[in-house]
Amino acid sequence: MKSDITIPKVENVFLAAIQEWSDDFMEKVWYVHLINDSDFNLDGVMVVSKAFGTLDGEMKKTSLLRHAFANIPAVSTVKIEMLETNVLRLNNEFMVTYFIGDTLYDKKFIFRAQTITPDYVEEVPILFVDGVIVR
């Protein structure tokens, strides 16, 4: 029955948008990183991202992007993707799914529209740089 299903809580795994210099664009751009601040390795990690919202009174959404990582070690980070300036005005959603042992974890992380700015930065654990964190 439904009461027999246990849904494990995601702890110490989160996302951070960090502004970094890009030689390709010759400016600072925002990159999303997956932060594993737990004591466990994450196996079979899948990240699906999209952006959506209303711009100028019109509903907009981007295509889905999918990323896969075989293993993310304990207390480490991995860069997922760059966020174009245009999508910062939209909600940016990341669905993260992974295994710890035989247990499946998943969580939806959303950077709300207009929140990926220097106004919302805080120090990111492990990397010790400023970034916008969603937990």
Side-chain angles (χ1 to χ4, degrees):
M1 310 297 203
K2 285 185 180 182
S3 62
D4 296 333
I5 299 172
T6 57
I7 300 173
K9 183 177 179 185
V10 172
E11 295 179 322
N12 299 319
V13 175
F14 52 91
L15 298 181
I18 299 170
Q19 202 170 27
E20 301 173 18
W21 179 260
S22 171
D23 288 333
D24 294 335
F25 297 103
M26 297 304 291
E27 66 180 356
K28 283 189 166 186
V29 295
W30 291 94
Y31 288 93
V32 175
H33 294 254
L34 176 64
I35 313 293
N36 179 9
D37 198 16
S38 73
D39 297 330
F40 305 100
N41 292 339
L42 309 182
D43 297 315
V45 181
M46 289 288 303
V47 180
V48 179
S49 66
K50 67 179 178 179
F52 61 93
T54 305
L55 289 177
D56 303 323
E58 187 178 337
M59 185 63 180
K60 301 280 186 181
K61 66 179 181 176
T62 64
S63 58
L64 291 177
L65 297 177
R66 294 173 180 87
H67 310 276
F69 306 96
N71 181 279
I72 299 175
V75 191
S76 68
T77 69
V78 64
K79 189 182 289 188
I80 299 174
E81 68 183 47
M82 182 191 87
L83 294 176
E84 288 189 26
T85 307
N86 296 337
V87 301
L88 298 179
R89 299 179 357 188
L90 301 170
N91 296 308
N92 287 275
E93 177 182 289
F94 293 80
M95 186 62 163
V96 179
T97 305
Y98 58 90
F99 284 92
I100 295 177
D102 292 333
T103 305
L104 177 69
Y105 293 78
D106 71 336
K107 184 169 182 177
K108 184 186 303 184
F109 298 92
I110 299 177
F111 291 97
R112 297 281 174 209
Q114 306 290 347
T115 60
I116 301 177
T117 68
D119 298 337
Y120 294 96
V121 298
E122 59 185 282
E123 186 175 71
V124 178
I126 300 173
L127 294 174
F128 303 107
V129 297
D130 286 339
V132 179
I133 298 174
V134 290
R135 296 182 195 275

* To do: Could you check if a side-chain atom of Phe40 sits within less than 4.5 angstrom of a side-chain atom of Asn12, using non-hydrogen atoms only?
  => no
* To do: Answer with yes or no whether the hydrophobic clustering places Val32 together with Val129; edges join I, L, V, M, F, W, Y residues whose side-chain heavy atoms lie under 4.5 Å apart.
  => yes
* To do: Look at the side-chain heavy atoms of Ile, Leu, Val, Met, Phe, Trp and Tyr, link any pair under 4.5 Å apart, and say whether Val45 and Met95 land in one connected group.
  => no
* Asked: Which heavy atom of Asn91 sits nearest a heavy atom of Ala113, and at what distance?
  -> OD1-N, 2.9 Å
* Is there side-chain contact between Tyr98 and Ile72, with at least one heavy-atom pair below 4.5 Å? -> no
* Asked: Do the side chains of Val10 and Met46 join up, straight or via other hydrophobic residues, at under 4.5 Å, putting them in one cluster?
  -> no
* Structure fact -> Nearest heavy-atom approach of Ser38 to Asn36 is OG-OD1, 2.5 Å
* **Check: Ile133 and Ile35 side chains under 4.5 Å, non-hydrogen atoms** => no
* Out of curiosity, Asp130 CG to Gln19 CD, how far, rounded to the nearest 0.5 Å? -> 10.0 Å
* Check against side chain to side chain contact (heavy atoms under 4.5 Å, CB included), Arg89 and Lys60 -> CA-CA 10 Å; Arg89 299 179 357 188; Lys60 301 280 186 181; over 6 Å; no
* Working to the nearest 0.5 Å, report the span between CD1 of Ile100 and CG of Asn41. => 9.0 Å
* Asked: When rounded to the nearest 0.5 angstrom, what is the spacing between CZ in Phe94 and NE2 in His67?
  -> 7.0 Å
* To do: Tell me whether Leu15 is reachable from Ile110 by hopping between hydrophobic residues (I, L, V, M, F, W, Y) whose side-chain heavy atoms are closer than 4.5 Å.
  => no
* Asked: Phe99, Val13: one ILVMFWY side-chain cluster at the under-4.5 Å cut-off?
  -> no
* Value rounded to 0.5 Å, distance of NZ in Lys79 from CG in Leu34 -> 13.5 Å
* Which pair of non-hydrogen atoms, one from Gly131 and one from Ile18, has the smallest distance, and what is that distance? -> CA-CG1, 4.3 Å
* Structure fact -> Smallest heavy-atom separation, Val132 atom then Ile116 atom, equals CG2-CA, 4.1 Å
* Asked: Which heavy-atom pair separates Trp30 from Leu88 by the least distance, and what is that distance?
  -> CD1-CD1, 3.6 Å
* Within 6.0 Å of CD in Glu123, more than 12 heavy atoms from elsewhere -> yes
* To do: May I ask you to establish whether Lys107 and Tyr105 are in a cation-pi arrangement, using a distance under 6.0 Å from NZ or CZ to the six-membered ring centre and at most 45° from the ring axis?
  => no
* Asked: For Phe69, does the CZ atom sit with more than 12 other heavy atoms under 6.0 Å from it, leaving out its own atoms?
  -> yes
* Asked: Rounded to the nearest 0.5 Å, how far does CG of Asn92 lie from CG of Leu83?
  -> 5.0 Å
* **Minimum heavy-atom distance between Met82 and Tyr31, given as atom pair plus value** => CB-CE2, 3.5 Å
* Asked: When rounded to the nearest 0.5 angstrom, what is the spacing between CG in Leu42 and OG1 in Thr97?
  -> 11.5 Å
